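Here is the naming used below: chain letters follow the sequence lines, and residue numbers restart at 1 for every chain. These figures come from a predicted structure and were not determined experimentally.
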Amino acid sequence: MKVDTREIACGAIFIAIAAAFAIAALDLPMGSALRMGPGYFPMALALILAALGLIIVIKGLGRAPSPIGGVPWRGLLFILLAPLVFGLTVRGLGLAPSMALVAAIATLASARAGMKLAAAMTLGLTLFCVLVFSYGLGLPYALFGPWSAPFLPGV
Amino acid sequence: MDLLANLGLGLATATEPVNLLFCFAGVLLGTLIGVLPGIGPTATIAMLLPITFGFEPATSLIMLAGIYYGAQYGGSTTAILINLPGESSSAVTAIDGYQMARQGRAGPALATAALGSFFAGTVATVLIAVFAPPLTAVALKFGPAEYFSLLMLGLVASVALAHGSVLKALGMIVTGLLLGLVGSDVNTGAQRFTMGFPELADGLNFVAVAIGVFGIAEILRNLENETDRDVMVKKVTNLFPSKADFKAMAWPVVRGTAVGSILGILPGGGAILSSFAAYTVEKRISKTPHRFGKGAIEGVAAPEAANNAGAQTSFIPMLTLGIPANPVMALMIGAMIIQGVQPGPNVAIEKPELFWGVIVSMWIGNLMLVLLNLPLIGLWVRLLTIPYTVLFPAILTFCCIGVYTVNSNAFDLFTVSAFGLLGYVLVKLDCEPAPLLLGFVLGPMLEENLRRAMTISRGDPMVFFTRPLSAGLLIAAALVLVVVFLPAVRAKREEVFQEEG
């Protein structure tokens, strides 16, 4: 039998999301139609979503597969990593080093970026951001945090 | 007269030096991102939201609005000159605009786009000023049942007008509604779906979700095939259209404005659908349809007028009902809430200077765009030579800082990554992200009105049908759903979106 994997995957994702919300909603008081508890509306939505997912899966069975196209794995890894690194380091390292890290990681996401470009982008972007966000807009974040203190001369 | 007094108040607000300055900053920035492909108004506004928190509410909304309609202008410039629509709403303009440019008529094409947009912007501003007060008056009579039904209609209509599969769009809306419910339950204070993270008690951060599903997912999609852009532009000479051009563009502009104004009000509508519909209308009623696609000036005038009109009238439901017609309006509502302004019919009454100031600023902004765009075309085109390899790291860095400044909370950045991944996977599976964001914003509103209506009616769901206004809205929603699933309409709809893509 022909199967459209894209449709199946899409339906499956909706069903998975519905299941996750439904299971979590089981712990919440349902209430009645008159006095709906916190679990009532989410449970109803989860059931609708599961039904939609199921229909999408059924429609995907017996259909010609449609191409999904390539995935830029390198880009995916680096792009998703950048916000995580920023979140983990901005308090400890401070705004400037943290931004430099993000800029470096982001530049490397492109398959065409070399070390030279990454270095230039990091320097340029960090400088620009410090000027605009710290001095221009006056955001109240320390440029250097406690983790970077040992590396700074005279601070 | 009330209207004049209101417009006068708006003019006073809009011409305050601060507001003029940020209106200018908004349209300039809007044009910039409109020119650059790969970054749209939704991601830009999401990025800039936190920066505007320090401003007065009116100033912040004026600037954000400027970015939105400025982007429609910028997108058309590159569409005409190098056949590269900076925004999806200018994709149609590229068809005939680029042909005109190849025939050495780039100047008149650009002028047509600018003048058509300006005309549409002026009309749309007047329309908003005329229709907003009566709509506000109706909205004030709405009870929870009516609001619930209106939200249902809005959600269903946004599905009908979205790209691709109806089922998937419905799935995205329900997913969005569910995600919107994460956090403390308003009525009982119960923690819902927080998975034990105290950071989620106030719900998922709206800006983080928006940047994830729009900004990050868009970058990933662009990284799939990195190519260099060839930018070769001949010098644009002879900007002004001839007398014959003016005659040819006059009616298309008027019709485009009409089409755009109507479609802009509908949920899910706005600029993209408007420009496409206007082009189809022109082609259909033209006596010489074979000229379309070969440099017909009507094919530039009508869609450009329509996308600008649509961009502006989509403010009507947002300003009067507090209901967003598209993701950009959803972000505007987010901005208002963070500024402490409760969106809805009360805005016009409690904050008239904000309401009318934003409306009048749109007209001023449009005027700035005409004056700004024509002389600066050379500069905009040169911007296109910036390679994407340089552009997207900058976008990503600004996104990170932008999200962090909302709450100074590292958790929000993890949200960005998570939703970036989810958004990208869903886009890969042909699911449009816009309905998800719409559902996310409307989820809490929908639940609260449903609960209140049911409590008032003592648990009788018939309340939604016995109240005439509510019943009418629900019937309209049901009709929209039925129509979308009719085989004939479905085939036509697929054909329409096929052509567009």
Contacts of Asp460(B) that satisfy side chain to side chain donor-acceptor pair (under 3.5 Å) - sequence neighbours left out | none
How close do [X] and [Y] get, counting heavy atoms only, and between which atoms?
X         : Y         : answer
Pro83(A)  : Val416(B) : CG-CG1, 4.1 Å
Glu224(B) : Pro72(A)  : CG-CD, 3.5 Å
Leu28(A)  : Gln191(B) : CD2-O, 3.6 Å
Met99(A)  : Thr397(B) : CG-CG2, 4.1 Å
Arg6(A)   : Lys428(B) : NH1-O, 2.9 Å

What's the spacing between [X] [atom1] and [Y] [atom2] if we round to 0.5 Å?
X         : Y         : atom1 : atom2 : value
Leu223(B) : Leu76(A)  : CG    : CG    : 9.5 Å
Leu396(B) : Thr107(A) : CG    : OG1   : 9.0 Å
Leu429(B) : Ile8(A)   : CG    : CD1   : 11.5 Å
Leu170(B) : Leu52(A)  : CG    : CG    : 5.5 Å
Ile219(B) : Phe78(A)  : CD1   : CZ    : 15.0 Å
Lys168(B) : Phe14(A)  : NZ    : CZ    : 8.0 Å

Chain B contact via [X] - which portion, at a heavy-atom distance below 4.5 Å:
X         : result
Ile13(A)  : side chain
Val71(A)  : both
Met121(A) : side chain
Ile79(A)  : both
Tyr40(A)  : neither
Leu45(A)  : both

At a 4.5 Å cut-off on heavy atoms, which part of [X] comes close to chain A: side chain, backbone, both, or neither?
X         : result
Cys431(B) : side chain
Val425(B) : side chain
Val390(B) : both
Tyr424(B) : side chain
Ala394(B) : both
Thr455(B) : both
Thr415(B) : neither

Between Tyr404(B) and Phe86(A), what is the ring plane arrangement, given parallel below 30°, perpendicular above 60°, and tilted in between?
->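 Answer is perpendicular, since the angle exceeds 60°.
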Got a sec: does the CE of Met152(B) have more than 12 other heavy atoms crowding it under 6.0 Å?
-> no
Has Glu56(B) got more than 12 heavy atoms of other residues, nucleotides or ligands less than 6.0 Å from its CD?
->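 At most 12 heavy atoms, drawn from other residues, nucleotides or ligands, come within 6.0 Å of this atom.
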Top residue by heavy-atom pair count (under 4.5 Å) with chain A, among [options]?
options                                    : result
Gly189(B), Cys400(B), Ala418(B), Gly443(B) : Cys400(B)
Ser417(B), Ala190(B), Ala410(B), Cys399(B) : Ser417(B)
Asp412(B), Leu446(B), Thr405(B), Thr188(B) : Thr405(B)
Leu426(B), Val186(B), Leu220(B)            : Leu220(B)

In terms of heavy-atom pairs under 4.5 Å with chain B, which of [options] leads?
options                                 : result
Leu95(A), Thr126(A), Ile55(A), Val90(A) : Val90(A)
Ala44(A), Gly75(A), Ala33(A), Ala51(A)  : Ala33(A)
Ile48(A), Ile56(A), Asp27(A)            : Ile56(A)

Kindly indicate, with the supporting measurements, whether the criterion side chain to side chain contact (heavy atoms under 4.5 Å, CB included) is fulfilled by Phe41(A) and Glu448(B).
-> CA-CA 10 Å; Phe41(A) 191 58; Glu448(B) 194 172 345; over 6 Å; no
Can you name the residues of residues 172-184 of chain B that have some heavy atom under 4.5 Å away from a heavy atom in chain A?
-> Met172(B), Val174(B), Thr175(B), Leu177(B), Leu178(B), Leu179(B), Leu181(B), Val182(B)
Going by residue number, which parts of residues 208-217 of chain B are within reach of chain A, meaning a heavy-atom gap below 4.5 Å?
-> Ile216(B)
Would you check, one step at a time, whether the test side chain to side chain contact (heavy atoms under 4.5 Å, CB included) holds for Leu88(A) with Phe414(B)?
-> CA-CA 9 Å; Leu88(A) 289 173; Phe414(B) 309 150; 3.6 Å; yes
Taking the side chain as C-beta and beyond, is there a heavy-atom pair between [X] and [Y] under 4.5 Å?
X         : Y         : result
Glu447(B) : Pro42(A)  : yes
Cys129(A) : Ile401(B) : yes
Arg451(B) : Pro38(A)  : yes
Ser408(B) : Tyr141(A) : yes

Can you check whether Gly459(B)'s main-chain N or O pairs, donor with acceptor, with Arg35(A)'s side chain at less than 3.5 Å?
->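 Judged by distance alone, no pair lies under 3.5 Å.
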Could you list which of residues 16-24 of chain A have a heavy atom closer than 4.5 Å to any heavy atom of chain B, in residue-number order?
-> Ile17(A), Phe21(A), Ala24(A)
